[in-house]
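Have a look at the structure below before the remarks.
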Amino acid sequence: IFVVLMMDFQRKKKLTNFTIGLIFLFSGVEYAVILPTIWAYLQILNAEPYFLGLGLSAFSFTGLLAGPIFGHWSDRTHRTKSIILFANLFESPGNFMYFVGVSKWLLLASRLVAGIGTGAGAAIFGYLTRSTSTEDRATVFAVVMACRQAGLLIGPAFNLFLRLCNFRLGPFEANKYTSPGLFMCVLWLVLQVIILFLYSDLPMGHRNVPQGVEPVESSVQEKQKLLTSEDVDEEEPESSSYGSMHTSEHGVGPVPVETGTVDEHRENPFHNFSASREYLREEVVVLLTAQFITLFNQTALETMVTPLTQKYFGFGEVENSVMYCLCGIEVIAGFFFVRWLSGRFTDRAILAVGLVICNLSCVWGLVFLANPQGSFAWLLSAFIIGVFLQVLGLPFVAVSQLSLFSKVTAEKTQGFSQGLRRSVGGLATILGPLWAGGLTNNLYLMLGVMLGLLTLLTVMMSLSYSYLVEPRPETVHTAAQEESA
């Protein structure tokens with residue numbers, strides 16, 4: 001019976017992980033089929049240039065609000081299936097509104113509605129954190145992010161046939177600008193059925209713990225913070241697991257507390273929770289700053305790229321789609337390279353390398369792209385190198401800061417924490433396009449501010465480098481045993 005149950009659990013786990021991969025794959029596809037055509041779509045709706053920034057930011061704005069709510073919901077229930085199903089109820093109608101697109105305001109509203117669905121990502125990352133060990137976490141996150149990048153890769157391929165659409169669906173016209181909305185509406189409906197039948201809410205007691213390492217109640221790092229905190233009640237020690245490793249107030253082993261207290265803590269993960277103690281720590285502030293600055297710069301550049309290629313190279317939707325396809329190949333290769341590096345180097349070292357590459361990208365843009373001069377071949381070459389450097393640094397920073405953040409924040413409130421992290425990223429993806437949308441003709445100012453932000457982040461990361469250390473299982477276990485002795 002035990003063998004049968006384990007086989008059934010493994011089957012459900014594989015199907016659940018497959019479904020999670022599809023969710024991120026489809027989110028990448030949506031981004032890739034919308035982004036290359038939204039500028040031209042707005043133009044035929046007689047929208048002002050700043051509407052490009054509004055349209056791209058609207059999607060992130062509602063995701064910013066929904067993320068912490070869905071994350072909190074996940075922490076309280078330890079259930080993600082119902083959250084994902086509910087979130088997807090906004091994706092399909094939002095994309096259908098994009099397909100209808102009778103005015104620039106309806107298009108803006110469509111991105112607001114669809115953006116709510118992205119809030120489910122906080123619950124998913126909370127689940128992944130609770131169900132993986134610290135050693136495997138960067139690898140798992142890299143694979144999940146690679147799924148989204150795979151969507152970005154195959155999305156332009158869909159655009160190649162969507163641009164051929166020319167038919168009517170009742171009173172609505174499907175053309176190369178509106179068909180991406182209809183296509184994504186159908187995809188999200190299909191995914192809703194897949195989630196309903198293949199996704200399972202698995203128990204959180206199964207995780208990959210290295211051989212010879214026993215799980216204990218909370219990390220040594222958190223325990224030391226709690227012992228030095230003024231608001232700790234010594235008779236009721238707070239239990240908060242960081243980095244999936246555990247210790248107790250009495251060394252390795254279970255905490256001798258009353259059953260009622262244990263049940264209360266288990267039912268309410270926010271018991272004795274302090275947002276200031278949790279998020280106003282140096283290492284957390286640095287990682288949230290990294291999330292904001294990297295996404296701000298990325299979305300600003302993405303907003304600037306389409307008008308820039310149209311102005312200097314005469315690119316249309318086909319050329320832009322091919323460009324995004326090539327970028328997707330590079331990013332996927334980068335994520336798998338980071339996946340390989342994560343088993344050999346620490347997350348903070350990978351983050352440092354990513355910041356160096358991002359700084360080089362901004363410097364290159366300031367020198368060669370802010371005031372483009374020279375032949376067509378030279379301008380195209382300089383543009384390709386700049387884009388290559390920017391895309392190359394993305395996997396290093398994205399995976400390492402996400403993995404580190406999941407390790408330095410409490411596991412029991414990981415859904416809310418991931419929602420907060422994604423909200424910070426959502427704020428960046430709102431401000432990035434708004435900033436770049438009005439500065440497409442003043443690249444010195446736009447790229448100069450981006451380089452200044454990266455320099456600030458690099459200095460912060462250098463000063464806090466020693467704090468960006470996740471507890472290794474063997475270190476935590478040994479330290480707990482020594483303190484107990």
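One-based numbering along the sequence shown. Not measured: the values here are computed from a predicted model.
Environment of CZ in Phe18: sparse, with no more than 12 heavy atoms of neighbouring residues, nucleotides or ligands closer than 6.0 Å. Heavy-atom neighbours of Tyr465 OH from other residues, nucleotides or ligands within 6.0 Å: above the threshold of 12.
Checking Tyr279 against Thr409 by side-chain atom types alone, no donor-acceptor pair falls below 3.5 Å. Remark: the Ser342 side chain and the Asp347 side chain contain no N/O donor-acceptor pair separated by less than 3.5 Å. For the residue pair Asp75 / Gln414, no side-chain donor-acceptor distance below 3.5 Å is found, with atom types taken as modelled. Ser74 and Arg130 share a donor-acceptor pair across their side chains, judged by distance under 3.5 Å alone.
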* From CA spacing to verdict: side-chain hydrogen bond (donor to acceptor under 3.5 Å, both in side chains), Thr458, Asn359 -> CA-CA 9 Å; Thr458 304; Asn359 276 281; 3.0 Å; yes
* Asked: Between Ser27 and Thr118, does a side chain to side chain contact (heavy atoms under 4.5 Å, CB included) hold up when you go through it step by step?
  -> CA-CA 8 Å; Ser27 69; Thr118 63; over 6 Å; no
* Given side chain to side chain contact (heavy atoms under 4.5 Å, CB included), test Leu402 with Gln418 step by step and report yes or no. => CA-CA 9 Å; Leu402 172 56; Gln418 291 294 340; 3.4 Å; yes
* **From CA spacing to verdict: side chain to side chain contact (heavy atoms under 4.5 Å, CB included), Val143, Asn17** => CA-CA 10 Å; Val143 172; Asn17 292 339; over 6 Å; no
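Aromatic ring pairs are classed by plane angle as parallel below 30°, tilted from 30° to 60° and perpendicular above 60°; the pair Phe292 and Phe296 is parallel. In this structure, Trp340 and Phe337 have parallel ring planes: the angle between them is below the 30° cut-off, well short of the 60° mark.
Taking CZ of Arg281 as the start and OG of Ser464 as the end, the distance is 12.5 Å to the nearest 0.5 Å.
Ring pair Phe51/Trp105: centre-to-centre distance below 6.0 Å. Aromatic rings of Tyr98 and Tyr41 (six-membered ring for Trp) have centroids within the 6.0 Å cut-off, being under it. Here Phe376 and Phe313 bring their ring centres to under 6.0 angstrom of each other.
A cation-pi geometry, defined here as NZ or CZ lying under 6.0 Å from the six-membered ring centre and within 45° of its normal, holds between Arg421 and Phe125. Geometrically, Arg148 engages Tyr31 in a cation-pi contact defined by less than 6.0 Å to the ring centre and at most 45° from the axis.
Minimum interatomic distance between Leu380 and Phe315 (heavy atoms only, all atoms of both residues): CD1-CZ, 4.3 Å.
Ion pairing between a basic and an acidic side chain is recognised when a charged N comes within 4.0 Å of a carboxylate O; Glu30 and Arg111 show such pairing.
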